[in-house]
Amino acid sequence: MGLFTGKTVIITGGGRSVLSDGRCGSIGYGIATAYAKEGANLVITGRNLKKLEDAKEELERLYNVEVLCVQADVDNSAEAEARIKKVVEKTIEKFGRIDVLINNAQASASGVMLADQTREQFDLALYSGLYAAFYYMRECYPYLKEAEGSVINFASGAGLFGNAGQSSYAAAKEGIRGLSRVAATEWGKDGINVNVICPLAWTAQLEKFEKEYPEAYKANVHMPPMGHYADPETEIGRVCVQIATPDFKYMSGETITLEGGMGLRP
C-alpha cells in the first residue's frame, strides 16, 4: 500500500510531453508518476487532450491506479471559471474527495522582451498561471479543508531573479507566490498546507526555449552546481509527495527552490 492509496490528487498541466531524445519532458507528468507509484487516484488537466490521454493510458497500465483526465484551458474568457468548477465537480463525482492540489500548468510568450510584449501575451501568462491557480484553489478549498490537505503551487526563478525576456511569465509566477503566502496564512487554521516550488528541470518547454531563443536561454538558464537539471519524477515529483505527506508537511508558506541534486532548499 502506498502513502496516497485512496487519496485524490489534482495536477494541472499533467499531460505527457517528450524530449527530442524520447524521454519524458513534462514536470506535470513526472509528478503524476510519483503519486501513481504511491497509489493515488489522479486527476490530470491541461489544454492538449492527446497528451492527457497518453498520460492516462500509461499511468493506469503501469501503476494500476485510476486517472481522470479533463481538458481545461484557463484564458480570459467568461467560460474559464466554469471549466474549473467542472473539473472539481467531476473529481468529486468520481473520487469523492480532494487531498492534494498541484498547480503546475503555465503558458507564456517567453523570449519576448518587456518593451515588445503585447496585451495578449501578458494575458496568456496571467490567466494560464495566476488566474488558474486562483480558480483551482478557491474551488478546491472546501474539500481540502475536509481532508486537511495540501496545495503545491509552482513558481519560477524567472520571477525570483528577474530573467530577461520573461516579464509576463515572471509576473504570473510572482503573483502565484504572493497568492500562496496569503493562502498559507488564511488556511493554516483549517489544516491546509500551502507551499511553492521553484524548479529547474530539463523539459520539452525548456528545450523549445533553447532552440527558439538561444540568446535569452544563454543569459537566463545555468546548469545547477550538481551538474544536472532536476528530474521531473525522481526529484520534483518525489518532493511533491514528500511535502504533502501528513507526517512530513513542510512549513506552510515556504518557497522551495529545486535544482538538479539540490533536494529541499528553502
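K189 NZ: more than 12 foreign heavy atoms inside a 6.0 Å radius.
For the pair Q117/S168, a side-chain contact is recorded, criterion being any heavy-atom separation below 4.5 Å from C-beta on. Counting only heavy atoms from C-beta outward, the side chains of W187 and N193 never approach each other to under 4.5 Å. M137 is listed as a side-chain neighbour of L179, based on a closest heavy-atom distance under 4.5 Å. Taking the side chain as every heavy atom from C-beta outward, R177 and L160 approach each other to under 4.5 Å.
Hydrophobic clustering (side-chain heavy atoms under 4.5 Å, transitive across Ile, Leu, Val, Met, Phe, Trp, Tyr) keeps I176 apart from Y169. Residues L101 and V194 are members of one and the same hydrophobic cluster, defined by side-chain heavy-atom contacts under 4.5 angstrom among Ile, Leu, Val, Met, Phe, Trp and Tyr. In the hydrophobic clustering of this structure, V239 does not group with V196; members are Ile, Leu, Val, Met, Phe, Trp, Tyr whose side-chain heavy atoms approach within less than 4.5 Å, directly or through other members.
One finds a salt bridge joining E57 and R61 here, because a Lys/Arg side-chain nitrogen approaches an Asp/Glu carboxylate oxygen to under 4.0 Å. Salt-bridge check for D75 with R47: failed, with every basic side-chain N at 4.0 Å or more from each acidic carboxylate O. Between E146 and R97, none of the side-chain N atoms (NZ, or NE/NH1/NH2) sits under 4.0 Å from a carboxylate O, so this pair counts as no salt bridge. We find that R138 and E81 are joined by a salt bridge, their nearest charged nitrogen and carboxylate oxygen being less than 4.0 Å apart. Taking a cutoff of 4.0 Å between a charged side-chain nitrogen and a carboxylate oxygen, E53 and K56 do not qualify as a salt bridge.
For Y127, the ring pair (Phe, Tyr, Trp, His ring centres under 6.0 Å) partners at least two apart in sequence or on another chain are Y131. Listed by chain and number, the residues in a side chain to side chain contact (heavy atoms under 4.5 Å, CB included) with A172 are Q106, A125, L126 (sequence neighbours excluded).
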Under 3.5 Å, side-chain donor or acceptor atoms of residues 30-44 against the rest of the protein: list the pairs with distances, not counting sequence neighbours.
{"residue": "T33", "atom": "OG1", "partner": "Y29", "partner atom": "O", "Å": "2.9"}
{"residue": "Y35", "atom": "OH", "partner": "C240", "partner atom": "O", "Å": "2.6"}
{"residue": "K37", "atom": "NZ", "partner": "E233", "partner atom": "OE2", "Å": "2.6"}
{"residue": "E38", "atom": "OE1", "partner": "L3", "partner atom": "N", "Å": "2.8"}
{"residue": "E38", "atom": "OE2", "partner": "R238", "partner atom": "NH1", "Å": "3.1"}
{"residue": "E38", "atom": "OE2", "partner": "R238", "partner atom": "NH2", "Å": "3.2"}

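Of the possible polar contacts, none joining the N153 side chain to the S180 backbone as a donor-acceptor pair under 3.5 Å is found.
Remark: the T12 side chain and the N104 side chain contain no N/O donor-acceptor pair separated by less than 3.5 Å.
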